[in-house]
2 protein chains.
Amino acid sequence: MNKSDIAAQLGFELHTTARLLKRNFDRRAKTHGLTRARWQVLWILNRNEGMKQAELAERMDVAPITLTRQIDLLEAEGLVERRQDPQDRRCFRIYLTAAAAPVLEILQGLAAETRSQALSGITAEEQQQLMNLLGRVHQNLSREEVVSD
Amino acid sequence: MNKSDIAAQLGFELHTTARLLKRNFDRRAKTHGLTRARWQVLWILNRNEGMKQAELAERMDVAPITLTRQIDLLEAEGLVERRQDPQDRRCFRIYLTAAAAPVLEILQGLAAETRSQALSGITAEEQQQLMNLLGRVHQNLSREEVVSD
DNA sequence: CGAAATTAGTAAGCATGCTTACAATAAGCT
DNA sequence: AGCTTATTGTAAGCATGCTTACTAATTTCG
């Protein structure tokens, strides 16, 4: 396998692994009516309450509309609430409700299970390495424009 | 940030990075009417013509129905064809058509662009490391059953 | 001040993954 | 042979991401 084949494989490997991780977690969380994507929203809000939707979307590197729907669903489930920003009537600030706390507890437990399966045999140092490498790829791809070269 | 937070971050980072890679490639490929997922099918077939759908799905670690739809689309675009297996009337074997070759050319070019952006500043050795770590996580998650501990 | 540009959130429609359920065929067992 | 089980492909319906286009509110600037 030549050098550019390895790199191409890398792309597919990244995808497959991400998908399997999501699937694993979602299977566990299904009975609780939650999914990985919604969990991420709760997780971020948990340490940054009162973020604007736009900020949250930026933080997650998702399109605003993608987040809109997650918030809709989480709000319908009574886990978060939108509050009008008094300074800027265009935007909402998102807060966790009291009902979110126990759910966060449960999700953290499920996440720990998935994690322990996924990272079995991978040392803390290697995890750091992986995090570092993914972070650099993420950075490289975060530039909005498509760079043709 | 404690140890389990790092691991949780790792999960999100994996997802975000995979998503950004897909988005980057898809933006480039859009004008050609193809996407990363379909490209993967062509890529695998290119070196394993005549696979059964079930084998292909297994290889990609996707649900059979997911692949069915990709094959439907690729067949509609005239890039692959289903041929009845003479030994087993239940299954098809998938072959690339002549039209697929130039498309593969183009896609490989686009993939090279995405790759060079994504892997900028990452050495060949680090790429190997990343591949290795992802492969191990992938392995850990490939077991079908949800392991609760 | 008032027109133009920007920003926040949403809607519609497509792509790709999943789960669950089903029909047709093959294989295995008594 | 005949019944049971497994395998192959498909269908329906949901979840999450994207792009493009829109409305409402704010900011910028002549």
Side-chain angles (χ1 to χ4, degrees), chain A residues 12 15-41 51-58 60-77 82-94 141 144 146, chain B residues 12 15-41 51-58 60-77 82-94 141 144 146:
Chain A
F12 293 134
H15 260 286
T16 301
T17 307
R19 198 164 37 71
L20 293 182
L21 190 68
K22 169 182 177 341
R23 187 169 69 185
N24 187 293
F25 180 81
D26 284 352
R27 279 180 181 163
R28 295 180 204 273
K30 189 172 51 173
T31 52
H32 302 278
L34 279 165
T35 61
R36 192 211 59 88
R38 297 222 268 294
W39 184 48
Q40 182 171 16
V41 177
M51 287 180 96
K52 295 194 289 184
Q53 288 191 201
E55 289 168 350
L56 200 47
E58 162 93 23
M60 296 170 64
D61 227 322
V62 227
I65 180 62
T66 297
L67 188 66
T68 295
R69 264 184 311 179
Q70 296 304 338
I71 304 280
D72 286 349
L73 293 169
L74 287 168
E75 199 172 34
E77 286 161 19
R82 288 176 163 100
R83 297 189 202 155
Q84 280 285 354
D85 184 314
Q87 259 70 56
D88 186 341
R89 270 177 302 162
R90 288 172 308 176
C91 64
F92 296 111
R93 303 214 164 251
I94 314 297
L141 294 170
E144 193 60 29
V146 169
Chain B
F12 295 134
H15 261 286
T16 301
T17 306
R19 199 164 36 70
L20 293 182
L21 190 69
K22 171 183 178 335
R23 186 169 70 185
N24 186 292
F25 181 81
D26 284 352
R27 278 179 181 165
R28 295 181 203 272
K30 189 171 52 173
T31 52
H32 301 280
L34 279 166
T35 62
R36 194 210 58 89
R38 297 222 267 298
W39 184 50
Q40 182 172 17
V41 177
M51 287 179 98
K52 295 194 288 185
Q53 287 192 202
E55 289 168 351
L56 200 46
E58 161 92 24
M60 295 170 64
D61 228 321
V62 234
I65 182 62
T66 299
L67 188 65
T68 295
R69 264 183 310 181
Q70 297 303 336
I71 303 281
D72 286 350
L73 293 168
L74 287 168
E75 197 173 33
E77 286 163 17
R82 286 176 165 101
R83 298 188 201 156
Q84 279 286 352
D85 184 313
Q87 260 72 55
D88 186 340
R89 270 176 304 164
R90 288 172 308 176
C91 65
F92 296 111
R93 301 213 166 250
I94 314 297
L141 294 170
E144 194 58 30
V146 169

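Labels below follow one simple rule: chain letters A, B, ... track the order of the sequence lines, proteins then strands, and each chain is numbered from 1. These figures come from a predicted structure and were not determined experimentally.
- Between A/I94 and A/Q53 there is a side-chain heavy-atom pair separated by less than 4.5 Å.
- For the atom pair CG (B/L20) and NZ (B/K22), the distance works out to 11.5 Å, reported to the nearest 0.5 Å.
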Please list, one pair per line, the donor and acceptor atoms closer than 3.5 Å that link side chains of residues 62-71 of chain B to other protein atoms, with sequence neighbours excluded.
unit_1: B/T68; atom_1: OG1; unit_2: B/P64; atom_2: O; d: 3.1

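- Counting only Watson-Crick or G-U wobble pairs whose defining distances are both under 3.5 Å, the stems of 3 or more consecutive pairs in DNA chain C are C:1-30 with D:1-30.
- The distance between atom NZ of A/K22 and atom C1' of C/dT16, rounded to the nearest whole Å, is 10 Å.
- Here the C1' atom of nucleotide D/dG17 and the CZ atom of A/R19 are 14 Å apart, to the nearest Å.
- Here salt bridge (charged side-chain N to carboxylate O under 4.0 Å, His left out) pairs that include residues 30-39 of chain B, with residues two or more places apart or in two chains, are B/R38-B/E77.
- Under the salt bridge (Lys or Arg N to Asp or Glu O under 4.0 Å) criterion, A/E58 pairs with no residue, sequence neighbours left out.
- Side-chain nitrogen and oxygen atoms of A/R36 include at least one within less than 4.0 Å of the OP1 or OP2 phosphate oxygen of D/dG17.
- Atom CZ in B/R23 sits 9.0 Å away from atom CG in A/L141 (nearest 0.5 Å).
- The CD atom of B/E55 sits 12 Å away from the C1' atom of D/dT7 (whole-angstrom rounding).
- The side chain of B/F92 has D/dG9 as its nearest neighbour among D/dT19, D/dT26, D/dG9.
- The pair A/D72-A/R82 meets the salt-bridge criterion, with a side-chain N (NZ, NE, NH1 or NH2) lying under 4.0 Å from an Asp/Glu carboxylate O.
- Within residues 65-77 of chain B, the residues that have a heavy atom under 4.0 Å from DNA chain D are, in order of number, B/I65, B/T68.
- Following rounding to the nearest Å, B/R90 (CZ) and D/dT5 (C1') show an atom-to-atom distance of 11 Å.
- If you check C/dC18, D/dT10, D/dC18 against the side chain of B/Q53, the one that comes closest is D/dT10.
- Nearer to the 5' terminus of DNA chain C, by closest-nucleotide assignment, is the contact made by A/R93 (compared with the other of A/R93 and B/T35).
- Using a 4.0 Å heavy-atom cutoff across all strands shown, A/A54 reaches sugar-phosphate atoms only and no base atom.
- Atom NE2 of A/H15 sits about 14.5 Å away from atom CG of B/D61, to the nearest 0.5 Å.
- Proximity note for B/K30 (side chain, C-beta onward) versus D/dT19, C/dT10, D/dC18: the nearest is D/dT19.
- Counting to the nearest Å, the P atom of D/dG9 and the CG atom of B/D88 are 8 Å from each other.
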Donor-acceptor contacts, no H, no angles, side chain residues 84-92 of chain B, under 3.5 Å, sequence neighbours left out:
unit_1: B/D85; atom_1: OD1; unit_2: B/Q87; atom_2: N; d: 2.6
unit_1: B/D85; atom_1: OD1; unit_2: B/D88; atom_2: N; d: 3.2
unit_1: B/D85; atom_1: OD2; unit_2: B/R93; atom_2: NE; d: 2.8
unit_1: B/D85; atom_1: OD2; unit_2: B/R93; atom_2: NH2; d: 3.1
unit_1: B/D88; atom_1: OD1; unit_2: B/R90; atom_2: N; d: 2.9
unit_1: B/D88; atom_1: OD1; unit_2: B/R90; atom_2: NE; d: 3.2
unit_1: B/D88; atom_1: OD2; unit_2: B/R90; atom_2: NH2; d: 2.9

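- Counting to the nearest Å, the P atom of C/dG17 and the CZ atom of B/R23 are 17 Å from each other.
- If you measure from atom CG of B/D26 to atom P of D/dT20, you get 13 Å, rounded to the nearest angstrom.
- The phosphate of C/dA26 has OP1 or OP2 within less than 4.0 Å of a side-chain N or O from B/R89.
- B/W39 contributes atom CH2, which lies 13.5 Å from atom CG of B/L74 (distance to the nearest 0.5 angstrom).
- Rounded to a whole Å, the CG atom of A/L56 is 13 Å from the P atom of C/dA8.
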